[in-house]
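Below is one structure; the comments refer to it alone.
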Amino acid sequence: MIPWLDTDTPFPDVSTALTREAPGLLAAGADLSPQRLLMAYRHGIFPWFSEGQPILWWSTDPRMVLMTDQFRVSDSLRKTLRKVERERTNPDGRRWQVRFDSAFEEVMRACAAPRRDGPGTWISEDIIAGYTGLHRLGYAHSAEVWLDGELVGGAYGVSIGRMFYGESMFARVTDGSKIALAYLVRFLQDHGVQMIDCQQETNHLASLGAAPIPRERFLIHLRNNIGLPQIKDWEPIAPLAPRS
């Protein structure tokens with residue numbers, strides 16, 4: 001059995017998370033206030049639940065992470081990034097733009113929208129309210145790709161110290177989410193962020209360079225980085241050509 005949390009109940013130790021029935025499930029209940037979310041992320045815990053379920057809190061083992069120096073860029077994406085960067089810095093005509101934090105809630109709602117291959121995601125109105133609260137406090141950020149004035153791709157996540165926790169991405173054009181992620185990774189690298197928490201294993205994340213690591217290794221890295229100064233002045237930086 002997992003514990004039920006009231007609004008003032010602290011999280012249990014992550015070592016008590018389930019290992020069989022629902023691996024990584026730690027607790028249920030509480031709320032999605034910015035304070036509760038910050039407490040969760042500082043302990044390596046994240047919320048994940050479907051509409052109609054209680055709030056469920058997880059700490060998976062192993063933990064899927066993307067080391068920023070391991071981000072993979074295909075040849076086709078590299079060409080696209082060069083085009084985007086060339087056009088976004090051209091004062092005579094900027095079809096492409098990359099921005100941070102200009103449309104945070106819009107990015108979240110795009111991530112929550114139904115996908116071509118299925119229904120909408122787990123991102124509910126309560127989740128949107130909680131993370132927009134974090135955004136107002138300077139802890140949640142979005143990377144956005146715009147084409148001819150329309151939002152066509154993006155990603156968002158939580159930043160604490162020199163840790164970044166990736167939450168979700170979306171694309172309305174080919175590689176829209178990957179473009180956003182490439183600019184985000186480059187920015188984080190430039191600010192000393194070595195690891196992006198991806199939470200759970202997927203083939204898509206693995207194709208981008210993410211890999212699972214033991215939860216204890218993840219927690220050690222987290223503890224060493226969440227107390228560092230917050231990143232300020234979120235402005236896109238041109239992605240560097242990745243290693244082959």
Query raised in the report: Do P12 and L5 come close enough that some side-chain heavy atom pair is under 4.5 Å?
Result: yes
Self-check item: H43, NE2: over 12 other non-hydrogen atoms inside 6.0 angstrom
Solution: no
Check your understanding: Do W96 and I179 have side-chain heavy atoms sitting under 4.5 Å apart?
Key -> yes
Closest heavy-atom pair, A143 versus L184, reported as atoms and distance to 0.1 Å, is CB-CB, 4.2 Å
Scanning both residues in full, the closest heavy-atom pair of V145 with A180 reads CG2-N, 3.5 Å
When rounded to the nearest 0.5 Å, the distance separating OG1 of T60 from CG of L25 is 11.5 Å
Q.
Same cluster or not: M67 versus I220, using hydrophobic residues (I, L, V, M, F, W, Y) connected whenever any side-chain heavy atoms lie under 4.5 Å apart?
A. no
Are V158 and L37 side-chain neighbours, meaning at least one heavy-atom pair lies under 4.5 Å? no
With the side chain counted from C-beta on, respond yes when R217 and H221 share a heavy-atom pair under 4.5 Å apart, and no when they do not. no
TODO: Please determine, by modelled atom types, if Q97 and E144 share a side-chain donor-acceptor pair under 3.5 angstrom.
DONE: no
Main-chain N/O of D8 paired to D6 side chain as donor or acceptor, under 3.5 Å = no
**Study point:** Pair D75 + K79, salt bridge at N-O below 4.0 Å
**Key:** no
Between the NE2 atom in H141 and the NE2 atom in H135, the distance rounded to the nearest 0.5 Å is 8.0 Å
Next on the checklist: Any side-chain to backbone donor/acceptor pair from Q230 onto S159? Under 3.5 Å, distance only.
Outcome noted: yes
Check your understanding: So, does R162 use its side chain to make a donor-acceptor pair with the main chain of Q194 at under 3.5 Å?
Key -> no
Item to check | 4.5 Å side-chain heavy-atom contact, L151 and F170 | outcome: yes
Path from I45 to L18 over hydrophobic side-chain contacts below 4.5 Å:
yes
Apply side-chain contact (heavy atoms from CB on, under 4.5 Å) to residues I226 and Y41 and explain how you reach the verdict.
CA-CA 9 Å; I226 58 171; Y41 283 106; over 6 Å; no
Minimal heavy-atom distance between K232 and F187, with the atoms involved, is O-CZ, 4.5 Å
Q. Under a 4.0 Å N-O cut-off, is there an ion pair linking E150 with R95?
A. no
For this session: Look at the side chain of S124 and the backbone N and O of E51, then say whether any donor-acceptor pair between them is shorter than 3.5 Å.
Result: no
**Asked** Do V73 and L205 share a hydrophobic cluster (ILVMFWY, side-chain heavy atoms under 4.5 Å, transitive)?
**Response** no
Rounding to 0.5 Å, atoms CG (D126) and OG (S33) come to a distance of 11.5 Å
Check your understanding: Between I123 and E167, is a side-chain contact (heavy atoms from CB on, under 4.5 Å) present by the stated rule, with each step listed?
Key -> CA-CA 10 Å; I123 302 170; E167 286 299 314; over 6 Å; no
Assess the side chains of S15 and D13: does a donor N or O sit below 3.5 Å from an acceptor N or O? yes
- Query: With a 4.5 Å heavy-atom cut-off, do T80 and T174 have their side chains touching?
  - Reply: no
Where the side chain of T132 meets the backbone of E105, is there a donor-acceptor pair that is under 3.5 Å apart? no
- M195 vs R63, side-chain contact (heavy atoms from CB on, under 4.5 Å): CA-CA, chis, key distance, verdict: CA-CA 12 Å; M195 178 187 290; R63 189 75 163 228; over 6 Å; no
With a 4.5 Å cut-off on side-chain heavy atoms, are L208 and F71 touching? yes
**Study point:** Any donor-acceptor pair under 3.5 Å from S74 side chain to L77 backbone
**Key:** yes
Is it true that a side-chain atom of Y156 and a backbone atom of V107 form a donor plus acceptor pair closer than 3.5 Å?
-> no
- Do L137 and I127 belong together in a cluster built from hydrophobic side chains that touch within less than 4.5 Å? yes
So, does D190 use its side chain to make a donor-acceptor pair with the main chain of R186 at under 3.5 Å?
-> no
> Between T68 and V193, is there a donor-acceptor pair closer than 3.5 Å when you use the side chain of the first and the backbone of the second?
Replying inline: yes
Value for OH (Y165) from SG (C198), rounded to nearest 0.5 Å, stands at 12.5 Å
Note: H191 and I231 closest approach over all heavy atoms is CD2-CG2, 3.7 Å
Nearest heavy-atom approach of G29 to W57 is O-NE1, 3.0 Å
Taking P23's backbone N and O only, do any of them form a donor-acceptor pair with W58's side chain (distance below 3.5 Å, no angle check)?
no
In short, E201 meets P62 closest at the heavy-atom pair OE2-CG, 3.9 Å
Between the CE atom in M163 and the CZ atom in R42, the distance rounded to the nearest 0.5 Å is 12.5 Å
message = Does W4 form a side-chain contact (heavy atoms from CB on, under 4.5 Å) with T9? I'd like the steps, not just the answer.
response = CA-CA 9 Å; W4 181 266; T9 308; over 6 Å; no
Exactly one candidate in Y131, W234, F104, F100 meets side-chain contact (heavy atoms from CB on, under 4.5 Å) with S142; the answer is F104
- Query: With a cut-off of under 6.0 Å to the ring centre and 45° to the axis, is R36 in cation-pi contact with F11?
  - Reply: yes
Y183 and E85 side chains, donor-acceptor separation under 3.5 Å: yes
Requested in this report: Decide yes or no for R88 and P236: does some side-chain heavy atom of the first lie under 4.5 Å from some side-chain heavy atom of the second?
Outcome: yes
Output for pair (R72 CZ, L66 CG), nearest 0.5 Å, gives 9.5 Å
